[in-house]
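Heads up, the thing below is written out as structure tokens.
Naming: A, B, ... by sequence-line order, numbering from 1 per chain.
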Amino acid sequence: MCESFAKDLLAWYDAHARVLPWRISPADRAKGVMPDPYRIWLSEVMLQQTTVAAVKDYFNRFTTRWPDVAALAAAADADVMAEWAGLGYYARARNLLACARAVASAGGFPKTEAGLLALPGVGPYTAAAIAAIAFDLPAVVVDGNVERVTSRIFAMNDPLPAARPKLRDLAAELSPRERPGDYAQAMMDLGATICTPRNPACTICPVFSHCAARRLGIAAELPRKAPKAAKPERAGVVYIARRPSDGAWLIETRPEKGLLGGMPGFPGSDWVAGGAPAHEPPLTADWLTLNGEVRHTFTHFHLSLQVRIARSDAAPRQGEWRADFSPSALPTVMRKAWDLAAPQFHEF
DNA sequence: CAACCGTGGGC
DNA sequence: TGCCCAAGGTT
């Protein structure tokens with residue numbers, strides 16, 4: 001099973017591997033060219049729960065600005081967070097910087113899966129992926145793609161997430177000892193382009209002859225998943241203020257932990273169920289409540305945000321005046337509030 | 001270990 | 001339009 005499955009998959013990958021900014025082509029790898037571990041690590045962290053299309057521009061900007069791990073390790077925290085703004089899951093950016101500094105101090109990336117796993121922001125998947133792709137070590141790489149492909153190959157009917165340990169064992173059965181880096185990337189490409197969540201293209205699949213789910217006609221139904229909880233509704237208020245004397249904006253850096261941790265934003269109320277809570281404005285001013293509201297959905301709740309604006313020279317109780325503020329450094333929900341408010345400031 | 005943690009695109 | 005989803009990690 002393993003031998004012929006991997007053989008068919010790798011033959012397809014040799015002919016159809018996608019060209020990606022961080023990837024070494026199978027032809028180059030066959031010549032002995034190895035990828036830069038820094039670029040593999042950076043791409044894998046960016047790709048956690050994030051699509052290739054969303055990552056590409058961020059990856060190119062990061063590697064242009066910080067070409068190696070030493071350069072990234074020397075970067076200012078706020079610069080890295082600003083460059084990550086909009087990509088989401090901001091703990092990744094904080095861990096990225098901590099990891100870069102640990103690796104730079106150590107003189108390079110660990111060359112074992114266990115060593116990689118000990119790094120901040122590097123879990124079981126990412127450690128295995130770096131080991132396989134950057135170092136061609138025979139790690140068992142299991143991500144969402146591999147779970148989906150494997151569940152179909154074996155027609156595994158147990159729902160996720162309970163089926164995860166079984167799927168990991170089955171994925172290990174499929175994994176060859178030869179070409180682990182190309183094999184891992186081939187599974188990703190297969191999952192991303194052919195063995196997709198909906199409407200899998202079984203008719204052109206290079207491993208259709210190995211697939212039990214295709215034979216049973218249930219490929220599109222797998223993997224089965226436990227039902228998800230509904231997202232509750234929350235509400236809050238943000239205050240956007242400008243100081244006329246120098247054009248500075250009132251900005252609050254959010255706490256390191258929790259939602260949007262370490263990112264800049266506008267001060268405001270907590271975000272709670274049951275309507276916006278009573279809240280004292282961050283400074284005393286004649287606040288204007290804007291028509292309309294910001295709608296945004298996070299991983300586990302919907303948010304409705306009221307936006308209030310003012311111009312003032314007062315000393316803030318919350319946040320600080322920042323003349324160097326750039327809206328490009330904002331996380332998306334704050335960017336939406338900015339987009340609603342910015343036109344109103346033209347008269348100021 | 002279940003809950004928490006973003007965002008944009010596809011259907 | 002609302003829901004599902006995407007190369008998961010941390011606590």
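Contacts of A:K166 classified as salt bridge (charged side-chain N to carboxylate O under 4.0 Å, His left out), with partners at least two apart in sequence or in another chain: A:D158.
For an aromatic pair to be called close, the ring centres must be under 6.0 Å apart, and A:F301 with A:F298 satisfies this. Within the 6.0 Å centre-distance limit, the rings of A:F325 and A:W338 are counted as a close aromatic pair.
With A:Q185 as reference, A:R23 is the one residue of A:R23, A:R179, A:R18 to meet the side-chain hydrogen bond (donor to acceptor under 3.5 Å, both in side chains) rule. Each of A:P327, A:S326, A:S328 was scored for a side-chain contact (heavy atoms from CB on, under 4.5 Å) with A:L330, with one residue passing: A:P327. Residue A:Y239 forms a side-chain contact (heavy atoms from CB on, under 4.5 Å) with just one option from A:P281, A:P316, A:S269, and that option is A:P281.
At least one side-chain nitrogen or oxygen of A:T126 sits closer than 4.0 Å to the OP1 or OP2 atom of C:dG9. Taking only side-chain nitrogens and oxygens, A:H300 never comes nearer than 4.0 Å to OP1 or OP2 of B:dA3. Regarding contacts with the backbone of B:dT7, every side-chain N or O of A:T297 stays at 4.0 angstrom or more from both OP1 and OP2. At the phosphate of C:dA6, OP1 or OP2 sits under 4.0 Å from a side-chain N or O atom of A:R148. Look at A:K257 and you won't find any side-chain N or O under 4.0 angstrom from OP1 or OP2 of B:dC5.
With 3.5 Å as the limit, one finds a donor-acceptor pair spanning the side chains of A:S304 and A:E293. A:T150 and A:R168 form no side-chain donor-acceptor contact under 3.5 Å, judged by distance and modelled atom types alone.
A distance of about 22 Å separates the P atoms of B:dT7 and B:dA3, rounded to the whole Å. Spacing of P atoms, C:dG9 relative to B:dG8, comes out at 22 Å, to the nearest Å. For the C1' atoms, the distance from B:dC5 to B:dC1 is 16 Å, rounded to whole Å.
Residue-to-nucleotide proximity on DNA chain C shows that, of A:V122 and A:W22, the 5′-proximal contact is made by A:W22.
A:T299 comes within 4.0 angstrom of a base, heavy atoms only.
Taking a 4.0 Å limit (strictly below) on heavy-atom distances, residues 75-99 of chain A reaches DNA chain B at A:G86, A:L87, A:G88, A:Y89, A:Y90. The stretch residues 33-52 of chain A touches DNA chain B through A:Q49, A:T50, each having a heavy atom within less than 4.0 Å of the strand.
When the C1' atom of B:dG6 is taken as reference, atom CG of A:L303 falls 12 Å away, rounded to whole Å.
The existence of a salt bridge linking A:R29 and A:D136 is confirmed by a sub-4.0 Å separation between a basic side-chain nitrogen and an acidic carboxylate oxygen.
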